[in-house]
Amino acid sequence: GLAAGPEMHFGFQTVTEEERREKIYQVFESVAKKYDVMNDSMTLGIHRVWKDILMHKMNPCPGTLLLDVAGGTGDIAFRFINYVNSVRQRQLQRKLKHHQNLSWQEIFESYQKDRLNSLGDSQVVVCDINREMLKVGKQKAQHLGYSEGLSWVLGNAEELPFDDDKFDVYTIAFGIRNVTRIDLALQEAYRVLKPGGRFLCLEFSHVSNPLLSRLYDLYSFQVIPVLGEVIAGDWKSYQYLVESIRQFPPQEELKAMIEDAGFFKVDYENLNFGIVAIHSGFKL
Amino acid sequence: VRCQHYPPLRALQASAALRRASDEHKKEPLTSSSQQHFDSPPAGHQPEQEPQGPRPSYTGQGGQESEDYESEEQLQHRILTAALEFVPEHGWTAEAIAEGAKTLGLSVAAAGMFHSDGSELILHFVSECNTKLSKLLEKEQKLVQLGEAEKKPIDEFLRDAVEARLRMLIPYIEKWPQALSILLLPRNIPSSLNLLTSMIDDIWHYAGDQSTDFNWYTRRAVLTGIYNTTELVMMQDSSPGFKDTWRFLQNRVADAMTMGNTASQVQSTGEAVVQGLMGAAVTVSN
């Protein structure tokens, strides 16, 4: 039997809350293996630039604890590790330049010591509700050689398995659209962040320019599901994806929801005229 | 202008880091006696601040509950003030701000509230120095009014004021050239220029300048030229106690005094300003 519950949208269909969660789980279960390939083909590789911009905006310093929710295949986590690594390298170089009169022995020793701490105690926890996505992520990490400072946790954004005041930064990239109760997810984000911590959300949003909007719609509804069928053998999942973007609240509405959860200095930045937006808020 | 919408619910949520004004046991210098707002004011809740008086209570965000909480701006000021002690080590950077946030018990991610090139930190510092200078000059003026001190001749007054202001840079002198170059970025010029002119204004005000004619402009231009050139000399001065800088300053002020109200004053002001700009360009290119 179907669980009774409030009516919600699943793409352009109307379903109950429970049904929605199940359907979304199935969507990602089936797309998991081809997720990255599909991202590249649908966005013509631009999603990489969006994620890079997100990382630059975050500008994490070594020692940052990041929670990446709905982080599935690890794109944000890997970028974080790379970024923090290079910042740390620069820090070490600057430190060495400062001490002009070291002996070779001292230089060697300090290099050894800092080598072991190449991330400067930074850590990223990738949390996802979907086992398949996590599996793909872990395989990718192994393949690309990421091991230090990285952990994978199965969990629900609406009910995170973490204590209060734990993380410096909380990110959710292209995931919040799939959360059934966005307000709960935002409250959880607020809870697990340290005071002063930052909430960052990268998500498809609304294009206000009418001409661009028409082209974007055309592309979304005509091209993407076809790509989905051809590349991943799954028309319906990509139909859902495109519809869910249209159903998602626009920039100002999401900003208001983030403020309702208690965040301050909430702001958003449109990328590509609003196709994608980065929302940011602080727990103050 | 983006409107922030504040539902009544917000007033009841306890802030994680914004503190009640009554909890504050630290005395902090008030930063808006010169009415500088280099942060873009958030729409809808700009607290009114009086130049002299107790810490204002924040009344922007709906409901009596939040009246005692400090505003975001005040928290940002606290973070920037705390960040200053890390500037000698990290420079005027987001890292210094992150360290400052850490000392206040906040996450390092709070540095994300500010621009990543450290502009706000520098502007905050300049604003704080200007406020300190104002207070100093006011104190001196009071002493003179009470008859406890002699009124200084104008050249000595200017010299002492500029020296006092420049001495505030000494703890940060190594990284100050970096700060100057950031202040010259087009984005920051309106704010930095604003701060500079109001400081010069202040000094002339306490020097007793009552002019209402063209003199008002020439006096400010002259003093700005003196200040800027002395600052640049100070960057490259390695003499003990910066005595070369103070001697340079003395000479410049003496020059200004002997010039009088003639056209040549205007011309050499122009020259001084040009020299100042050239010096700035040289410093930046170094």
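Letters A, B, ... are given to chains in the order of the sequence lines, protein chains preceding strands, and every chain is numbered from 1. Because the structure is a prediction, the values reported are computed rather than measured.
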Q. How far does CD of B:E95 sit from CZ of A:R90, to the nearest 0.5 angstrom?
A. 8.0 Å
Q: Could you list which of residues 74-87 of chain A have a heavy atom closer than 4.5 Å to any heavy atom of chain B, in residue-number order?
A: A:V87
Q | Proximity of residues 58-73 of chain A to chain B, residues having a non-hydrogen atom under 4.5 angstrom | A | A:N59, A:C61, A:T64
Q.
Could you report the tightest heavy-atom contact between B:A109 and A:G197, atom names first, then the distance?
A. CB-CA, 4.3 Å
Q | Approximate separation, where rounding is to 0.5 Å, of A:D168 CG and B:L106 CG | A | 10.5 Å
Q: Rounded to the nearest 0.5 Å, what's the gap from CZ on A:F282 to OG on B:S107? Could you check?
A: 9.0 Å
Q) Does A:H9 NE2 have over 12 foreign heavy atoms under 6.0 Å away? A) yes
Q: Locate the shortest heavy-atom distance separating B:E72 from A:F264; write the atom from each residue and the value.
A: OE2-CD2, 3.0 Å
Q. For chain A, which residues of residues 167-184 of chain B have at least one non-hydrogen atom nearer than 4.5 Å to it?
A. none
Q: First locate atom NZ of A:K194, then atom NZ of B:K102, and finally report the distance between them rounded to the nearest 0.5 Å.
A: 8.5 Å
Q.
Going by the rule salt bridge (charged side-chain N to carboxylate O under 4.0 Å, His left out), which residues pair with B:E231 if we only count those two or more places apart in sequence or in a different chain?
A. none
Q | Toward chain A, the part of B:A101 with a non-hydrogen atom under 4.5 Å | A | neither
Q) For atom CD of A:E159, is the number of surrounding heavy atoms from other residues, nucleotides or ligands below 6.0 Å larger than 12? A) no
